[in-house]
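Heads up: the structure comes next, in structure tokens.
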Amino acid sequence: MFGLFKRAPVPATRHGGALGMDTLALRMAQGAIVPASCMGVSCDAEGTLSRIAPGARFPAGEAWCFHPGPYTTEFAPFAASPELGLQLSFVIDAPDPRVAQQRFDLYLVSEGGERVTKDDFAALIGTAVQRELAQGNLELPPCTTPEEWDAFRAGLNRLLYQRFGITVDDCIPVDLGEKVDYARLLRESASTPAVLPAPGADRVARAPAAADALALRRLFLELPALASALRQLPLPEGQGHFQRQQLLLQRLDHVALTINTMPALGLVGPGRKLDAAGQAIRAQASEEAALALDEAWSLLARLAHSPAALLDDADRIAANLELHCATRRATP
């Protein structure tokens, strides 16, 4: 089944001095050797991930290598205030023996593509943090007190660990004013209607086929890992928490099953092609499901801190996943 979402093989990629500096990870060719000071990640045809030690040769399957860091990057936590920034120092986590799949490995295989640059990764971090601040899941008020900053840091650490599998070493406020192209921002704001961006508007526009394939790949690989993480959450006794957790897991398993049997983007039925408008609708539904998946990982970071209080949010996200996957499956 994993072969439906498999990328075409690519030749061996040069790993040079940029890896560990401006590049976090690179796609590798089958049979390549993991560079020194790096770690390999292999993904077989069933979607099973494994780490490969430096100096070892990659087995058959898709392959990546990454440098654990440390890395330092900057991003703006508030889209409306690009001059207010945060400088983040982080490392990619060492293997956690408590889990079968490491979170960064899962991110790399499902979203990494051919190369993960530090700038692209910083943009993803910024988008995730902006979304959490906008929804009130993280708080970073003006004139932040030490207690408020500590609470923000704790939430940030949990978010980035669950979403990307990285550990934050340090985070400090910085002034990005000198790096902001205000003229460009003014030109863009003058040519764009003053409306709130739609969900997912920050994502790079892709052709429907590419967007659909990426979203389905993410859902296929990440939903089982998400369900496994939810299954391990300790819940307080009473008030039906265990029953709600089990029902939620059943719903996620059903969504995963629909992904495994999802029809091809361009077909209505055997020998019947779907027009471009119908393909665009299906691709949009896939992307909306991937956005719900992002919300689920963010929720998992908060559930680990307060599991019982956030089950309503988990139900809402599961309902969104069910809706978007049903829309993707339906024939326009």
Side-chain angles (χ1 to χ4, degrees), residues 7 18-27 41 64 66-80 82 84-93 101-135 137-138 140 152-153 155-171 174 176 179 197-206 210-211 213-219 221-222 225-226 286-302 317:
R7 298 186 179 98
L19 194 58
M21 297 165 49
D22 60 355
T23 300
L24 277 69
L26 289 172
R27 179 82 179 273
V41 176
W64 288 260
F66 69 87
H67 192 288
Y71 299 94
T72 299
T73 190
E74 297 170 345
F75 66 92
F78 299 103
L84 302 178
L86 293 176
Q87 185 182 86
L88 193 73
S89 299
F90 65 91
V91 295
I92 299 170
D93 287 336
Q101 293 184 335
Q102 309 304 314
R103 183 63 184 94
F104 181 80
D105 299 4
L106 186 60
Y107 156 76
L108 190 59
V109 172
S110 63
E111 301 181 69
E114 302 302 317
R115 177 188 297 265
V116 179
T117 68
K118 188 170 70 171
D119 289 344
D120 289 342
F121 198 66
L124 284 176
I125 291 174
T127 297
V129 174
Q130 286 179 12
R131 184 182 300 115
E132 292 298 284
L133 287 167
Q135 294 178 349
N137 300 325
L138 289 176
L140 189 58
F152 169 77
R153 274 295 312 272
L156 177 71
N157 293 354
R158 291 193 298 268
L159 170 68
L160 298 186
Y161 179 81
Q162 291 289 354
R163 177 65 181 88
F164 300 109
I166 62 174
T167 295
V168 177
D169 282 340
D170 197 13
C171 181
V174 292
L176 299 178
K179 300 181 180 181
D202 55 302
R203 300 197 170 204
V204 177
R206 301 182 181 92
L214 177 61
L216 290 181
R217 180 185 177 91
R218 285 198 60 197
L219 291 161
L221 289 169
E222 295 181 34
L226 178 68
S286 297
E287 288 195 291
E288 294 293 339
L291 287 172
L293 189 64
D294 288 343
E295 278 198 89
W297 285 114
S298 300
L299 176 65
L300 187 63
R302 290 179 282 129
I317 291 172

Min side-chain heavy-atom separation Phe66-Leu24 under 4.5 Å: no
Beyond-backbone contact of Arg115 with Thr23, side-chain heavy atoms, under 4.5 angstrom: yes
Leu133 and Phe78, any side-chain heavy atoms less than 4.5 Å apart: yes
Audit row: Asn137, Arg131, side-chain contact (heavy atoms from CB on, under 4.5 Å) steps and yes/no: CA-CA 9 Å; Asn137 300 325; Arg131 184 182 300 115; over 6 Å; no
Spatial distance of atom OG1 (Thr117) from atom CG (Leu26) [nearest 0.5 Å]: 10.5 Å
Ala292 versus Ile317, closest heavy-atom pair with distance: O-CG2, 3.5 Å
Shortest non-hydrogen contact between Glu222 and Trp297, atoms and distance: OE1-NE1, 2.8 Å
Side chain proximity check, Leu221 to Leu106, heavy atoms < 4.5 angstrom: yes
Residue pair Thr127 / Phe75, side-chain heavy-atom distance below 4.5 Å: no
Nearest-0.5 Å distance, CG of residue Leu219 to CG of residue Leu214: 9.5 Å
pair Leu156-Cys171: side-chain heavy atoms closer than 4.5 Å: yes
Taking every non-hydrogen atom, the tightest pair across Leu88 and Ile125: CD2-CD1, 4.0 Å
Exercise: identify the closest heavy-atom pair between Glu287 and Ala215: N-CB, 4.0 Å
Rounded distance (nearest 0.5 Å) linking atom CD of Gln87 with atom CG of Asp170: 8.0 Å
Donor-acceptor pair, side chain of Gln130 and main chain of Ala76, under 3.5 angstrom: yes
Minimum heavy-atom distance Val129-Pro77, with the two atoms named: CG1-CB, 4.3 Å
Heavy-atom closest contact (Ala122 atom, Glu74 atom, distance): CB-O, 4.0 Å
From Thr167 atom OG1 to Asn157 atom CG, the distance as rounded to the nearest 0.5 Å: 8.0 Å
CG on Leu159 to CZ on Phe152, rounded to 0.5 Å: 9.0 Å
Gly113 backbone acceptor or donor facing Trp64 side chain under 3.5 Å: yes
Contact check, side chains of Val41 and Gln102, non-hydrogen atoms, under 4.5 Å: no
Salt bridge present between Arg163 and Glu132 (N-O < 4.0 angstrom): no
Interatomic spacing from NE2 in His67 to CD1 in Ile92 - rounded to 0.5 Å: 9.0 Å
Tyr71 ring center near Phe121 ring center (under 6.0 Å): no
Test item: Asp294 and Arg218 side chains (from C-beta on) under 4.5 Å apart, heavy atoms: yes
